Novice: 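Right, I'll just put the structure down here and ask away after.
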Amino acid sequence: MDAHSELELLITVVVGAQDEASARAACEDLVRRVGGRVVTVGDCSDEEPGCWSLTMSRGTGETGWHVAALSRVVRNFLRELGPGYARHRVACAPPTAWSVVDDPELVGELVPAGERLLIEAWSEEPEDAPDHQESTVDN
């Protein structure tokens with residue numbers, strides 16, 4: 001990926017579900033709402049019974065590999081979800097930026113039985129990029 005390549009956004013939803021089909025069904029409206037494409041569904045019930053995760057991907061329209069672009073993509077997505085999401089912190093350590101929404105009541109408004117969201121923006125840094133230090137960016 002070069003400096004002009006589009007950043008990828010990965011959205012992982014942790015949801016209370018009985019099986020893969022019910023996890024997909026619970027997340028169907030969110031996938032459609034954000035224009036995502038399901039990339040993986042996993043059983044995480046070894047950590048918590050009845051727990052499944054669904055990860056979707058979507059393009060962002062943003063390019064670059066630096067802290068500002070990465071964190072902007074995550075922040076903009078949080079705002080897109082609604083005002084309750086925009087207050088969550090964004091952390092960045094290129095080639096990724098992320099935010100975790102660990103609020104079952106808020107996530108449950110988007111996904112029935114939803115428990116947590118992990119939003120990640122990914123980029124591949126150019127080989128000649130300077131070293132970066134981890135940064136936490138407030139909204």
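The shown structure was predicted, so the numbers you read here are calculated from the model rather than taken from an experiment.
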Novice: Quick one: which residue pairs count as a salt bridge (charged side-chain N to carboxylate O under 4.0 Å, His left out) with a foot in residues 53-73, not counting sequence neighbours?
Specialist: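 Sorted result for residues 53-73: Arg58-Glu80, Glu62-Arg72.
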
Novice: Does any non-hydrogen side-chain atom of Ser45 lie less than 4.5 Å from one of Trp52?
Specialist: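 Side-chain contact under 4.5 Å: no.
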
Novice: Would you check if Leu9 and Val73 make a side-chain contact, meaning some heavy-atom pair closer than 4.5 Å?
Specialist: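 Result yes, sub-4.5 Å side-chain heavy-atom pair found.
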
Novice: Are Glu8 and Thr60 close enough that a side-chain donor and a side-chain acceptor fall under 3.5 Å?
Specialist: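 There is no such pair between these side chains.
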
Novice: Check Ser123 against Pro95 and note the closest heavy-atom contact, atom names and distance.
Specialist: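 Ser123 and Pro95 have their closest heavy atoms at O-CB, 2.6 Å.
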
Novice: Test Leu7 against Leu70 for side chain to side chain contact (heavy atoms under 4.5 Å, CB included), laying out the working first.
Specialist: CA-CA 8 Å; Leu7 299 175; Leu70 288 164; 4.1 Å; yes

Novice: What are the two closest heavy atoms between Thr96 and Ala121, and how far apart are they?
Specialist: OG1-O, 3.0 Å

Novice: What distance separates Arg116 CZ from Cys51 SG, expressed to the nearest 0.5 Å?
Specialist: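 Answer rounded to 0.5 Å: 6.0 Å.
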
Novice: How about Met56 and Leu30: do any of their side-chain heavy atoms sit closer than 4.5 Å?
Specialist: yes

Novice: What is the minimum heavy-atom distance between Ser71 and Ala68, and which atoms define it?
Specialist: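 Answer, listing the atom of Ser71 first, then Ala68: OG-O, 3.4 Å.
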
Novice: Looking at residues at least two apart in the chain, or sitting in another chain, which of them share a salt bridge (Lys or Arg N to Asp or Glu O under 4.0 Å) with Asp103?
Specialist: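 Once residues adjacent in sequence are excluded, the partners of Asp103 under the salt bridge (Lys or Arg N to Asp or Glu O under 4.0 Å) criterion are Arg87.
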
Novice: Run the side chain to side chain contact (heavy atoms under 4.5 Å, CB included) check on Val101 and Ile119 step by step: do they pass?
Specialist: CA-CA 8 Å; Val101 179; Ile119 299 100; 4.3 Å; yes

Novice: Which distance, rounded to the nearest 0.5 Å, do you find between the OG of Ser53 and the CG of Asp43?
Specialist: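 Going from the OG atom of Ser53 to the CG atom of Asp43 covers 8.5 Å.
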
Novice: For the OG atom of Ser99 and the OH atom of Tyr85, what is their distance to the nearest 0.5 Å?
Specialist: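 So the OG of Ser99 and the OH of Tyr85 are separated by 11.5 Å.
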
Novice: Check step by step if side chain to side chain contact (heavy atoms under 4.5 Å, CB included) holds for Leu117 and Val111.
Specialist: CA-CA 10 Å; Leu117 282 176; Val111 175; 5.8 Å; no

Novice: Return the minimal non-hydrogen interatomic distance between Val67 and Pro94, and the atom names on each side.
Specialist: CG2-CG, 3.7 Å

Novice: May I have all residue pairs that pass side chain to side chain donor-acceptor pair (under 3.5 Å) and include part of residues 25-37, sequence neighbours excluded?
Specialist: Asp29-Arg32

Novice: So, applying side-chain contact (heavy atoms from CB on, under 4.5 Å) with Cys27, which one of Val13, Val41, Val38, Thr55 is it?
Specialist: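 Result: among Val13, Val41, Val38, Thr55, Val13 is the only option passing the side-chain contact (heavy atoms from CB on, under 4.5 Å) with Cys27.
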
Novice: When rounded to the nearest 0.5 angstrom, what is the spacing between SG in Cys44 and CD in Glu115?
Specialist: 8.0 Å

Novice: Can you name the closest pair of heavy atoms from Ala23 and Val15 and give their distance?
Specialist: CB-CG1, 4.0 Å

Novice: Can Val34 be reached from Val14 by stepping across I, L, V, M, F, W or Y side chains whose heavy atoms are under 4.5 Å apart?
Specialist: no

Novice: Could you check whether any side-chain heavy atom of Val74 comes within less than 4.5 Å of a side-chain heavy atom of Trp98, counting everything from C-beta outward?
Specialist: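 Side chain of Val74 against side chain of Trp98, heavy atoms only: no contact under 4.5 Å found.
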
